[in-house]
Engineer: 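Sending over a structure as structure tokens; questions will come in a sec.
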Amino acid sequence: MSSKRLEMLEKMTASGQADSFAWYALALEYKSLGRIDDAYATFVKLREKDASYVPMYLMCGTMLIDADRRDEAREWLEAGIEKAKAKGDGHALSELEGALQQLD
């Protein structure tokens, strides 16, 4: 049940011991429940904690596209492109560039 998963992830992140993946999973859980503002706030916290965590940029960017928050989506996707280039992550780079093209 997703409510149990949500509860577990909220406890983990509240404990201060959560890694980047736990924050990412929490944001995705909020997103899947349609709680876009909570998901966005969680992505922002993750970005503050670990700006080099590349997967969040695509997920947050596409979520913002779907929510018709295009300017915010563009900023997240462009930032993700820079991080993916810096890490040499070609797969993430192509996905991020593809998502950005949806805005053009």
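For the numbers below, each heavy atom of this structure counts, side chains included, while hydrogens, waters and symmetry mates do not. Bear in mind the structure is a predicted one, so any value in this text is a computation, not a measurement.
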Engineer: Which heavy atom of L64 sits nearest a heavy atom of A73, and at what distance?
Structural biologist: CB-CB, 3.6 Å
Engineer: Answer whether the closest heavy-atom distance between the side chains of L9 and Y24 falls below 4.5 Å.
Structural biologist: no
Engineer: Looking at every non-hydrogen atom in both residues, tell me the closest pair between A18 and A22 and how far apart they are.
Structural biologist: CB-CB, 3.7 Å
Engineer: Tell me, do V44 and E48 make a side-chain contact under 4.5 Å, heavy atoms counted?
Structural biologist: yes
Engineer: Donor-acceptor pair, distance only, cut-off 3.5 Å: does the side chain of K45 make one with the backbone of W23?
Structural biologist: no
Engineer: With hydrophobic residues grouped by side-chain heavy-atom distances under 4.5 Å, do F21 and M12 end up in a single group?
Structural biologist: no
Engineer: Where do D37 and R69 land on the salt bridge (Lys or Arg N to Asp or Glu O under 4.0 Å) test, with the steps shown first?
Structural biologist: CA-CA 11 Å; D37 290 335; R69 291 165 62 172; 3.2 Å; yes
Engineer: Could you tell me whether the side chains of Y30 and E10 share a donor-acceptor contact shorter than 3.5 Å?
Structural biologist: yes
Engineer: Quick one: CZ on R70 to CG on D68, what's the gap to the nearest 0.5 Å?
Structural biologist: 6.5 Å
Engineer: Hydrophobic clusters here meaning ILVMFWY residues chained together by side-chain heavy-atom distances under 4.5 Å, can you tell me if M59 and V54 are in one?
Structural biologist: yes
Engineer: Do W76 and M63 have side-chain heavy atoms sitting under 4.5 Å apart?
Structural biologist: no
Engineer: Would you indicate whether the side-chain heavy atoms of D38 and L33 approach each other to under 4.5 Å?
Structural biologist: no
Engineer: If I take atom CG from residue L26 and atom CZ from residue R5, how far apart are they, to the nearest 0.5 angstrom?
Structural biologist: 11.0 Å
Engineer: Calculate, to the nearest 0.5 Å, the distance between atoms CG and CD1 belonging to D66 and I36 respectively.
Structural biologist: 8.0 Å
Engineer: Tell me, with the steps shown, if L103 and E78 meet side chain to side chain contact (heavy atoms under 4.5 Å, CB included).
Structural biologist: CA-CA 11 Å; L103 293 172; E78 288 175 349; over 6 Å; no
Engineer: Please examine the side chains of Y53 and K83, heavy atoms only from C-beta on, and report whether any two atoms are closer than 4.5 Å.
Structural biologist: no
Engineer: Nearest 0.5 angstrom please: I65 CD1 to E72 CD, how far?
Structural biologist: 12.0 Å
Engineer: Please give me the minimum heavy-atom distance between Y57 and A51, naming the atom from each residue.
Structural biologist: OH-O, 2.5 Å
Engineer: Calculate, to the nearest 0.5 Å, the distance between atoms CG and CD belonging to L77 and E95 respectively.
Structural biologist: 11.5 Å
Engineer: Quick one: CD on E29 to OG1 on T42, what's the gap to the nearest 0.5 Å?
Structural biologist: 11.0 Å
Engineer: Closest approach of M56 and R47, non-hydrogen atoms and distance?
Structural biologist: CE-CA, 3.5 Å
Engineer: When you look at R74 and D104, which way does the side chain to side chain contact (heavy atoms under 4.5 Å, CB included) test go after all the steps?
Structural biologist: CA-CA 10 Å; R74 180 177 304 280; D104 294 330; 3.6 Å; yes
